[in-house]
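Computed over heavy atoms, backbone and side chain alike; hydrogens, waters and symmetry mates excluded.
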Amino acid sequence: MKLFITGISTDVGKTIVSAIITESLEADYWKPIQAGDLNNSDSHKIKKYISNSRTQIFENSYALNTPASPHLAAELDGIVIDLHKIIEPKTDNHLVIEGAGGVFVPLNEKECVIDLIQPDYKVIVVSRHYLGSINHTLLTIEALQNRKINVAGIVFSGEENKSSEAIILSKTGLKCIGRIEEEPYFDPNVIREYADLFRENLLEL
């Protein structure tokens, strides 16, 4: 199973969700494009959060120096992101693929993060509640479905909002794979607790 983790915006909890799912399935992890924070990248965070011995963390296809939209970060590094050079790592294990920002974050002048999603991927959308997040969540899911991309479900991150969650699930017909509370911190123990809670729903995808 190949699970692509995307969010409705930036800083909504994609890396935490990726860590939980990676730990839950003892999956491999791959972030194709990292922009900025190269000494404390999302791959570094995944390694810090997980505690199983099976997961393999694959190198980024592009590791860009500036914390910015990938198209700009690449331009500042003097390169252009070429999707043909983003080659999925080979593994017999489950694979968790983490996107960058939302689905329409540009990678170059023509292509966006959504163009990284392959036909055999199942997409998990991470939604975090803020004013406008219902709209952002529904737009993200509609954009994916318009491209005939398999949206496997939603993870809600942060403080619970029952009204928002109910209307999103009702309008999309999607499954809630789990929700992550506004935790004071995340460490391998907290990640493992959520991994146990998510596992049954993940194995049903």
Side-chain angles (χ1 to χ4, degrees), residues 1-25 27 29 31 35 42 45-46 49-50 67 69-70 94 96-106 112-117 121-205:
M1 182 162 56
K2 299 172 185 177
L3 297 173
F4 189 95
I5 315 302
T6 193
I8 63 169
S9 183
T10 190
D11 294 328
V12 295
K14 288 191 308 299
T15 302
I16 291 296
V17 171
S18 295
I20 289 167
I21 294 172
T22 298
E23 179 67 17
S24 183
L25 299 175
Y29 171 87
K31 174 132 184 170
D42 291 339
K45 292 170 185 171
I46 296 293
Y49 286 139
I50 64 171
S69 174
H94 298 301
V96 172
I97 307 117
E98 183 179 350
V103 293
F104 285 118
V105 166
C112 297
V113 166
I114 197 168
D115 297 302
L116 293 173
I117 302 172
Y121 291 0
K122 297 178 181 180
V123 176
I124 293 176
V125 175
V126 182
S127 179
R128 186 177 182 88
H129 302 304
Y130 53 81
L131 191 61
S133 66
I134 295 174
N135 180 52
H136 291 164
T137 304
L138 296 179
L139 283 171
T140 296
I141 291 164
E142 184 160 318
L144 290 162
Q145 291 176 336
N146 280 345
R147 294 205 186 189
K148 312 299 184 196
I149 292 170
N150 181 356
V151 184
I154 302 174
V155 172
F156 292 108
S157 168
E159 189 173 339
E160 185 176 19
N161 185 319
K162 290 182 179 178
S163 173
S164 292
E165 293 175 22
I167 196 71
I168 288 168
L169 295 174
S170 172
K171 283 186 170 293
T172 62
L174 292 174
K175 178 178 184 176
C176 176
I177 292 166
R179 69 171 339 280
I180 302 166
E181 304 297 334
E182 195 70 63
E183 300 287 353
Y185 64 88
F186 287 95
D187 65 10
N189 289 327
V190 176
I191 294 295
R192 192 161 52 245
E193 288 175 8
Y194 278 106
D196 291 342
L197 291 172
F198 280 38
R199 187 171 294 112
E200 183 176 349
N201 283 340
L202 288 169
L203 291 173
E204 290 176 354
L205 297 181

Enquirer: Not counting sequence neighbours, list each pair that qualifies as a salt bridge (charged side-chain N to carboxylate O under 4.0 Å, His left out) and has a residue in residues 130-158.
Expert: D115-R147
Enquirer: Which atom pair, heavy atoms only, marks the closest approach of L174 to L169?
Expert: O-CD2, 3.4 Å
Enquirer: Under the 3.5 angstrom rule, does the side chain of K122 hit a backbone N or O of L205 as a donor-acceptor pair?
Expert: yes
Enquirer: Identify the two heavy atoms, one from I167 and one from I134, that lie closest to each other, and give their separation to 0.1 Å.
Expert: CG2-CD1, 3.8 Å
Enquirer: In Å and rounded to the nearest 0.5 Å, what is the CG to OH distance from D187 to Y49?
Expert: 9.0 Å
Enquirer: Test of understanding: with salt bridge (Lys or Arg N to Asp or Glu O under 4.0 Å), list the residues that count as partners of K2, not counting sequence neighbours.
Expert: E88, D120
Enquirer: CG of L197 to CD1 of I177: how many Å apart, nearest 0.5 Å?
Expert: 13.5 Å
Enquirer: Working to the nearest 0.5 Å, report the span between CD of Q145 and CG of N150.
Expert: 9.5 Å
Enquirer: T172 and I168: which non-hydrogen atoms are nearest, and at how many Å?
Expert: OG1-O, 2.7 Å
Enquirer: Determine the interplanar angle of the F156 and H129 rings, folded into 0 to 90°, and report it as parallel if under 30°, tilted if 30 to 60°, perpendicular if over 60°.
Expert: parallel
Enquirer: Would you check if L3 and L25 make a side-chain contact, meaning some heavy-atom pair closer than 4.5 Å?
Expert: yes
Enquirer: First locate atom OH of Y130, then atom CG of D11, and finally report the distance between them rounded to the nearest 0.5 Å.
Expert: 10.5 Å
Enquirer: Hey, could you give me the OG1/CD1 distance between T140 and I114, rounded to the nearest 0.5 Å?
Expert: 8.5 Å
Enquirer: Might you point out which heavy atoms bring A152 and I124 nearest each other, and give the distance in Å?
Expert: CB-CG1, 4.4 Å
Enquirer: Please set out all donor-acceptor pairs under 3.5 angstrom arising from side-chain atoms of residues 17-24, sequence neighbours excluded.
Expert:
residue, atom, partner, partner atom, Å
S18, OG, K14, O, 2.8
T22, OG1, S18, O, 2.7
E23, OE1, S51, N, 2.9
E23, OE1, N52, N, 3.3
E23, OE1, N52, ND2, 3.1
E23, OE2, S51, OG, 3.1
S24, OG, A195, O, 2.9

Enquirer: With a 3.5 Å distance limit and no angle check, can you tell me whether Y29 reaches the backbone of E98 through a side-chain donor-acceptor pair?
Expert: no
Enquirer: Just wondering, do F4 and L116 contact through their side chains at under 4.5 Å, heavy atoms?
Expert: yes
Enquirer: Please evaluate residues I180 and F198 with respect to the criterion side-chain contact (heavy atoms from CB on, under 4.5 Å), reporting the C-alpha separation (whole Å), side-chain torsions for both, the decisive distance (0.1 Å), and the verdict.
Expert: CA-CA 10 Å; I180 302 166; F198 280 38; 4.0 Å; yes
Enquirer: If the condition is ring pair (Phe, Tyr, Trp, His ring centres under 6.0 Å), which residues does F104 pass it with, not counting sequence neighbours?
Expert: none
Enquirer: Evaluate the criterion side-chain contact (heavy atoms from CB on, under 4.5 Å) for residue pair R128 and E182; output intermediate values, then yes/no.
Expert: CA-CA 10 Å; R128 186 177 182 88; E182 195 70 63; 2.7 Å; yes
Enquirer: Within this structure, what is the CD1-CD1 distance for the pair I97 and I5, rounded to the nearest 0.5 Å?
Expert: 8.0 Å
Enquirer: After noting the C-alpha distance and the side-chain angles of S157 and I16, does the key distance pass the side-chain contact (heavy atoms from CB on, under 4.5 Å) rule?
Expert: CA-CA 9 Å; S157 168; I16 291 296; over 6 Å; no
Enquirer: Would you mind listing every salt bridge (charged side-chain N to carboxylate O under 4.0 Å, His left out) that reaches into residues 193-205, with sequence neighbours excluded?
Expert: K175-E204, D196-R199
Enquirer: Taking all heavy atoms of G99 and all of V113, pick out the closest pair and write down the distance.
Expert: CA-CG1, 4.4 Å
Enquirer: Would you mind reporting whether L144 and V125 have side-chain heavy atoms less than 4.5 Å apart?
Expert: yes
Enquirer: Check for a donor-acceptor pair, side chain of T15 on one end and backbone N or O of D42 on the other, with a separation under 3.5 Å.
Expert: no
Enquirer: If a pair satisfies salt bridge (charged side-chain N to carboxylate O under 4.0 Å, His left out) and one of its residues is in residues 155-165, list it, with sequence neighbours excluded.
Expert: E165-R179
Enquirer: What are the two closest heavy atoms between C176 and N201, and how far apart are they?
Expert: O-ND2, 3.7 Å
